[in-house]
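Contents: one structure, followed by commentary.
Order of appearance sets the numbers: ligands from 1, and atoms from 1 within every ligand.
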Amino acid sequence: MYNVTLIPGDGIGPEIAAITKKIIDATKVKINWEEVNAGIDVYEKTGELVPNNVFESIEKNKIALKGPITTPIGKGFRSINVQLRKKYDLYSNVREVKSFEGIKSRYENIDMVIFRENTEGLYIGKENKIDEETVEAIKVITKKGSTRIVKAAFEYAKKNNKKVVTVAHKANILKFADGLFLNCAREVAKDYPEIELKEVIIDNMCMQMVINPNQFEVIVTMNLYGDILSDLAAGLIGGLGMAPGANIGEDIAIFEAVHGSAPDIAGKNLANPTALLLSGISMLRYLGENKRADIILTALKETFKEGKVLTKDLGGNATTTEFGDYLVDKISALL
Ligand code: NAD
């Protein structure tokens with residue numbers, strides 16, 4: 001029996017979390033879901049965006065599946081996601097970007113994974129006002145932070161038989177900061193002689209990803225570049241509704257969809273739960289439940305290929321629950 005913290009979140013979060021849980025449970029994996037919530041609804045009731053029971057549950061279970069959370073704009077709130085990443089040192093943000101047959105997108109057969117450093121870079125929130133007309137934002141890169149994310153990327157490549165890890169950087173301009181990251185990548189690469197380290201400057205990387213994304217297998221990069229590349233990559237495979245994510249530290253992991261709370265479609269049973277479900281599949285693999293992860297993936301692939309039961313964002317007219325129930329039936333047949 002696994003104990004997993006489930007944080008439904010805001011907007012479409014509760015709808016996609018409920019159906020994802022139902023689909024995962026259909027594989028008969030023994031998960032005891034501990035449901036706690038964070039976000040704007042909770043804030044309105046309790047005055048706290050992340051109540052203590054959320055932290056307690058994550059610390060106890062060490063693994064969480066999380067829906068999107070609305071970040072109130074302009075009220076001095078720090079993003080909950082950034083808070084969680086920092087608090088638990090979830091240094092590895094992993095985004096798998098894979099095409100599915102039957103899903104309309106600009107490219108086919110994309111299969112890449114982006115490892116984004118999640119705790120430093122320009123996202124440390126150190127901005128200073130020098131005078132009325134000048135501000136500075138500080139980018140921090142450390143040997144420890146860079147080495148561990150590059151290692152995570154190479155370990156993934158080794159485990160999944162990938163031949164090339166691409167490091168995206170701007171060391172030609174940011175000689176110290178990006179230079180250190182690049183040097184750490186070169187050092188780590190020496191321990192993996194069977195895997196090639198390819199070095200690409202970030203602006204060229206963006207162009208290459210649009211021209212020929214199939215050339216990339218595993219990408220590793222700093223926080224801001226990784227954030228941008230990940231959304232670019234989601235666009236290559238049919239949009240945010242298809243992009244899963246994971247935030248992994250030494251002993252705690254939080255799995256979540258890349259997209260936000262989609263307030264425009266919240267409460268309408270229209271959301272596509274695929275991104276959260278794919279995050280759930282990654283969670284099952286993290287738990288070592290590869291067989292059950294494969295069953296859900298097979299059911300998803302079949303559903304997309306048939307193209308009969310799809311949510312609106314994928315060109316269909318199924319509701320969130322119809323799509324989910326269709327998958328549940330398929331999984332039951334595959335067991
Ligand atoms: P968004 O991802 O919520 O929505 C962008 C567009 O994509 C919308 O048109 C939405 O309807 C559509 N969309 C997103 N997910 C979808 C899904 N699963 N199925 C179908 N359509 C989907 O981005 P936004 O509007 O910029 O952000 C809304 C809120 O979410 C903001 O408060 C933001 O801070 C928050 N946010 C949270 C997270 C997170 O918790 N991880 C991530 C990004 C944004």
Quiz item: For residues Thr221 and Glu117, is any side-chain donor paired with an opposing acceptor at under 3.5 Å?
Solution: no

Exercise. Output every pair passing side chain to side chain donor-acceptor pair (under 3.5 Å) with a member in residues 48-64, not counting sequence neighbours, ordered by first then second residue.
Key: Thr5-Ser57, Thr5-Asn61, Glu34-Ser57, Glu34-Lys60, Ser57-Asn61, Glu59-Tyr88

Exercise. Write out the protein residues near ligand 1, meaning a non-hydrogen atom under 4.0 Å from one of its atoms, in order of chain and number.
Key: Ile12, Lys66, Pro68, Ile69, Thr70, Thr71, Asn81, Leu240, Glu256, Val258, His259, Gly260, Ser261, Ala262, Pro263, Asp264, Ile265, Ala271, Asn272, Asp313

Atom pairs and distances, side-chain donor-acceptor, residues 231-248, under 3.5 Å, sequence neighbours left out:
residue: Asp231; atom: OD1; partner: Arg95; partner atom: NH1; Å: 3.4
residue: Asn247; atom: OD1; partner: Arg85; partner atom: NE; Å: 3.4
residue: Asn247; atom: OD1; partner: Asn93; partner atom: ND2; Å: 2.8
residue: Asn247; atom: OD1; partner: Asn118; partner atom: ND2; Å: 2.7
residue: Asn247; atom: ND2; partner: Glu256; partner atom: OE2; Å: 2.8

Distance-only criterion, 3.5 Å: show the donor-acceptor pairs between side-chain atoms of residues 293-308 and protein atoms not counting sequence neighbours.
residue: Asp294; atom: OD1; partner: Arg285; partner atom: NH1; Å: 3.1
residue: Asp294; atom: OD1; partner: Arg285; partner atom: NH2; Å: 2.9
residue: Thr298; atom: OG1; partner: Asp294; partner atom: O; Å: 2.8
residue: Glu302; atom: OE1; partner: Lys330; partner atom: NZ; Å: 3.2
residue: Thr303; atom: OG1; partner: Ala299; partner atom: O; Å: 2.7
residue: Glu306; atom: OE1; partner: Tyr326; partner atom: OH; Å: 2.6
residue: Glu306; atom: OE2; partner: Lys330; partner atom: NZ; Å: 2.7

Quiz item: Applying the side-chain contact (heavy atoms from CB on, under 4.5 Å) test to Ile63, which of Leu287, Asp251, Ile252, Ile58 qualifies?
Solution: Leu287

Quiz item: Is there a donor-acceptor pair closer than 3.5 Å between any side-chain N or O of Glu15 and the backbone N or O of Gly267?
Solution: yes

